[in-house]
2 protein chains.
Amino acid sequence: MDVRPLDLTSDAAQLTARLVDFPSESGTEEPLADAVEAALRALPHLAVDRYGNTVVARTRLGRSERVILAGHLDTVPIAENVPSRLDDDGILWGCGTCDMKSGVAVQLRIAATVPAPNRDLTFVFYDNEEVEAHLNGLGRLAAAHPDWLAGDFAVLLEPSDGQAEGGCQGTLRVLLRTTGERAHSARSWLGSNAIHGAAPILRRLASYEPRRPVIDGLEYREGLNAVRIEGGVAGNVIPDACTVTVNFRYAPDRTEEDALAHVRKVFADCGVAEFVVDDHAPGALPGLDHPAAAAFVAAVGGDPRPKFGWTDVARFSALGVPAVNYGPGDPQLAHKRDEHVDTARILAAEERLRAWLTS
Amino acid sequence: MDVRPLDLTSDAAQLTARLVDFPSESGTEEPLADAVEAALRALPHLAVDRYGNTVVARTRLGRSERVILAGHLDTVPIAENVPSRLDDDGILWGCGTCDMKSGVAVQLRIAATVPAPNRDLTFVFYDNEEVEAHLNGLGRLAAAHPDWLAGDFAVLLEPSDGQAEGGCQGTLRVLLRTTGERAHSARSWLGSNAIHGAAPILRRLASYEPRRPVIDGLEYREGLNAVRIEGGVAGNVIPDACTVTVNFRYAPDRTEEDALAHVRKVFADCGVAEFVVDDHAPGALPGLDHPAAAAFVAAVGGDPRPKFGWTDVARFSALGVPAVNYGPGDPQLAHKRDEHVDTARILAAEERLRAWLTS
């Protein structure tokens, strides 16, 4: 493991390779957080704070707007893909190349090379994004020091293929339980079959027509799906319980309450005996009508896309900060053994952010 | 453990208590099989054979009919309910009192006290009835020495509440699999949901109307039920597979082939991707039109009932021997911790069988 100080004068591609060679699987980010903190403290135009293994650095220029650039330091477990390898086509291979040390490298390069941005900047480097939500460094920071995350707009440098991805959809998971009465299957008329009782639920799911609303010019796509079904006692017993786990992915024009009410209504007449909310994370509006966001989209170019999956932009949204994803990696390659990134895209992302912040 | 020789001059109630106090959980029947064999070998009118822990004793009187009286020696695991206890109301408590050492006691009493029956008799005492089918002593004997089981009619002394129970229903278990295509649930339109694909199967099950055919005067009741359902990959993945396990209990007027064809037809248009036969045991016709059976029913009295569950009478049926269940125990008490039997019923069963075999 190469633990020399980080050299923020190297270009973003070289810096990405350095960061990949500095392993930081979730839970083991401390040495990398130390190195990031040390490198940032060496920059006189930034005020640096730390909470756990999350490092925050801020300009204090008194600009009328403040923009947050955020990224996570951790990676999924290494799969024999560290150290990094740069091939002849300029492709950098290794764990975290895409998700998201290339994004972190861009953050660090902007921190080091844009001492007088046109908007005040807050850089956030956080831990434990790839594991359970309650460990997430951004979430923990938002709870402990929400003022450190004050801002008008945020960019998460998660892989998005070099395109701005606006907002994110919400996700609600509910358990729909049907009940019955056990009996020996040889005398089934003495019982009541809870699996048969789930028929109306599955039928409703199979015929559900999801919305495709357009919000701030982005077309979102909802989805209501069974992701699990379980029922049965033994091969000769009429089952008295069945559980269908349903996942509702919903566009950010619905609030948490709206989403829950909608799902309750969809299954209102389906014989559900118990309705349990298993997990719920609201979406985030794209916020592309905010001046800082509009300027950002103009600077990075291309057509902004909706984000269908839930991401940490929703945490910013919950703090009242509109946020987008924008990073050089291809999201399809995240978490893969053959994870890689085109170094030209890393440099392009850095240039586009610099243009936006210095124009 | 009381391992004195069995005294077949004691009455059937006392003998039941002796047998209960001689533990014989499945797999540990050897000492009891030895004791039964020794007691039968002491009876000069019987020819005794043994295969494993299954003991067979036969009269050789040259009668025109041969009747088999069969019972298993093993019990389910003892649950602090041995030794037996006789209460003031004549109720005998303990493991196997009902299922089926009271039946075995009746067999032994008939063997000892009816040296010249009006029909030739074959007594079968077998092991491993309460465990996996491939261990079943009756099944193993039927494979190894089918000639030992030759006969015109068989009575299994399983608990039947002192009523003749004719034949038994068949049982078929099939796995119905639906398939789909995985996708992240945030982009569900890229996948195809196999759980939703099971909706037509559950709907068909919920609306299925089972037959209630009358056979030899007995009304059977079929049933087609889901006994298990499983599907799902993870909380955020559109599942690509779902399996519904269906149990069809069918009346003995259907053959194995008929039953299978019926189930295939029921689900023919339900989008089943794979149809797997998991388990299949055909039923057994009651055979109450056979002269020996008719005489038996007349002798034991009461209205014969259909047997809904699958029992070893089907093994006799497969050998071409019509069979019924007839025993003193209450089948609802089998395998229970508070298993018990009314000793008056044991004596009554013995008397009725003796009347049938000596009239």
Side-chain angles (χ1 to χ4, degrees), chain A residues 168-171 173 178 180 183-191 193-208 210 212 221-239 242-249 271 278-279 307-311 331, chain B residues 168-171 173 178 180 183-191 193-208 210 212 221-239 242-249 271 278-279 307-311 331:
Chain A
C168 76
Q169 296 204 126
T171 178
R173 203 165 54 222
T178 58
H184 195 289
S185 66
R187 295 176 202 81
S188 52
W189 57 92
L190 299 177
N193 195 314
I195 296 176
H196 298 189
I201 296 170
L202 296 198
R203 200 174 164 210
R204 187 61 47 87
L205 282 165
S207 64
Y208 182 81
R212 296 171 69 159
R221 292 186 73 160
E222 296 190 330
L224 182 67
N225 274 275
V227 289
R228 184 168 297 282
I229 188 165
E230 289 177 295
V233 177
N236 60 355
V237 176
I238 303 302
C242 181
T243 302
V244 186
T245 305
V246 168
N247 186 206
F248 183 40
R249 298 287 180 147
D278 187 42
D279 187 46
K307 184 71 177 175
F308 297 118
W310 193 91
T311 78
Chain B
C168 76
Q169 296 204 128
T171 178
R173 202 163 58 222
T178 57
H184 196 290
S185 67
R187 293 174 204 85
S188 52
W189 57 92
L190 299 178
N193 195 314
I195 296 176
H196 298 190
I201 295 170
L202 296 198
R203 201 177 163 206
R204 186 62 47 87
L205 282 164
S207 65
Y208 182 81
R212 296 171 69 160
R221 293 186 70 160
E222 297 189 331
L224 182 67
N225 274 275
V227 289
R228 184 168 295 283
I229 188 165
E230 289 177 295
V233 177
N236 61 355
V237 176
I238 303 303
C242 181
T243 301
V244 185
T245 304
V246 168
N247 186 206
F248 182 40
R249 298 287 181 146
D278 188 40
D279 188 46
K307 184 73 176 175
F308 297 118
W310 193 91
T311 79

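Each chain gets a letter, A, B and so on, in the order the sequences are listed, and its residues count up from 1.
- When heavy atoms are compared at a cutoff of 4.5 Å, B/Ser185 approaches chain A by way of both its backbone and its side chain.
- If you measure heavy-atom distances from A/Thr171 to chain B, you find no contacts under 4.5 Å at all.
- Options B/Gly235, B/Cys168, B/Ala234 differ in how many heavy-atom pairs under 4.5 Å they form with chain A, and the most are formed by B/Gly235.
- For A/Ile201, no part lies under 4.5 angstrom from a heavy atom of chain B.
- Annotation for B/Arg203: atom CZ does not count as buried by contact number, only 12 or fewer foreign heavy atoms lying within 6.0 Å.
- Among B/Val244, B/Leu205, B/Leu224, the residue making the largest number of heavy-atom pairs under 4.5 Å with chain A is B/Leu205.
- The candidate with the highest count of non-hydrogen atom pairs below 4.5 Å against chain A, out of B/Gln169, B/Glu222, B/Arg249, is B/Arg249.
- For A/Arg173, the part lying under 4.5 angstrom from a heavy atom of chain B is the side chain only.
- Between chain A and the residues B/Ala226, B/Pro210, B/Gly197, B/Ala199, the largest count of heavy-atom pairs under 4.5 Å involves B/Ala226.
- Contact tally against chain A (heavy-atom pairs below 4.5 Å) for B/Ser188, B/Gly223, B/Cys242, B/Pro200: the top residue is B/Ser188.
- With chain A as partner, the option from B/Ser207, B/Ala206, B/Ala194, B/Gly231 having the largest number of non-hydrogen pairs under 4.5 angstrom is B/Gly231.
- With a threshold of 4.5 angstrom between heavy atoms, A/Asn225 approaches chain B through its backbone and through its side chain.
- Ranked by heavy-atom pairs under 4.5 Å with chain B, the list A/Asp278, A/Asp279, A/Leu202 is led by A/Leu202.
- The two atoms that bring A/Gly309 and B/Ala186 nearest to each other are CA-CB, 3.6 Å, heavy atoms only.
- Here the OG1-CD distance, from A/Thr245 to A/Glu230, works out to 6.5 Å after rounding to the nearest 0.5 Å.
- A/Tyr208 contributes atom OH, which lies 14.0 Å from atom CG of B/Asn193 (distance to the nearest 0.5 angstrom).
- Heavy atoms closer than 4.5 Å to chain B are found in both the backbone and the side chain of A/Arg228.
- Of the atoms belonging to B/Asn236, heavy atoms from both backbone and side chain fall under 4.5 Å from chain A.
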